[in-house]
Amino acid sequence: MPTLTINPSGKTVPSTEGMSILEAVLAAGVKMPHKCEGKAECGSCHIFVVEGRKTLSKAQRAENERLDAIVGVSSNSRLACQAKLGTENVTVELLD
């Protein structure tokens with residue numbers, strides 16, 4: 001079973017294919033902002049994907065448009081509410 005590692009805490013939890021990173025983080029009991037309830041409208045769940053980027057679902061138009069409006073975005077940026085887990089381990093960095 002693939003895992004999701006959540007930094008900076010280093011907590012590692014089992015992940016389920018097709019589950020969003022946001023869902024997995026919240027299920028692990030880790031607090032994370034998500035003001036728009038997963039609709040890619042606010043950008044509050046912006047994260048950096050440290051490892052496993054290729055196993056995640058492709059970013060869709062709404063996510064790309066929201067990321068374009070956020071300061072500090074890099075090529076590793078995703079919205080946790082939109083990035084769906086795949087079949088490999090993923091490591092993410094939560095941002096303040």
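Not measured: the values here are computed from a predicted model.
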Minimum-distance pair of heavy atoms, taken over all atoms of Ser9 and Ile6: OG-O, 3.0 Å

Is there any salt bridge (charged side-chain N to carboxylate O under 4.0 Å, His left out) pair reaching into residues 33-57, and which pairs are they, with sequence neighbours excluded? none

By side chain to side chain contact (heavy atoms under 4.5 Å, CB included) - contacts of Ser74 (at least two apart): Phe48, Asn76, Ser77

Minimum heavy-atom separation for Gly38 and Cys81, please, with both atom names. CA-CB, 3.4 Å

Among all residues two or more places apart in sequence or in another chain, which pass the side chain to side chain contact (heavy atoms under 4.5 Å, CB included) test with Ala80? Ile21, Leu22, Met32, Cys45, Ile47

I want to check something: taking the side chain as every heavy atom from C-beta on, are Val49 and Leu56 in contact at a cut-off of under 4.5 Å? yes

Within the 4.5 Å heavy-atom criterion, are Val90 and Val92 side-chain neighbours or not? yes

I would like to know whether Leu79 and Leu67 meet side-chain contact (heavy atoms from CB on, under 4.5 Å); could you show each step before the answer? CA-CA 8 Å; Leu79 295 181; Leu67 286 171; 3.9 Å; yes

Backbone of Thr5 reached by a side-chain donor or acceptor of Lys11 within 3.5 Å: no

With sequence neighbours left out, write down each residue that passes ring pair (Phe, Tyr, Trp, His ring centres under 6.0 Å) with His34, or none if nothing qualifies. none

Close side-chain approach of Leu94 to Val30, heavy-atom, < 4.5 Å: yes

Cluster companions of Val50 among Ile, Leu, Val, Met, Phe, Trp, Tyr (side-chain spacing under 4.5 Å): none

What are the two closest non-hydrogen atoms of Gly86 and Pro2, and how far apart are they? O-CG, 3.9 Å

If every non-hydrogen atom of Pro33 is compared with every non-hydrogen atom of Ser44, which pair is closest and at what distance? CG-O, 3.3 Å

Side chain of Thr16, backbone of Met19: donor and acceptor closer than 3.5 Å? no

Counting distance only, does the side-chain N/O of Glu65 pair as donor-acceptor with the main-chain N or O of Ala62 below 3.5 Å? no

Qualifying side chain to side chain donor-acceptor pair (under 3.5 Å) pairs, either residue in residues 78-95, two or more places apart: Thr3-Asn89, Glu63-Arg78

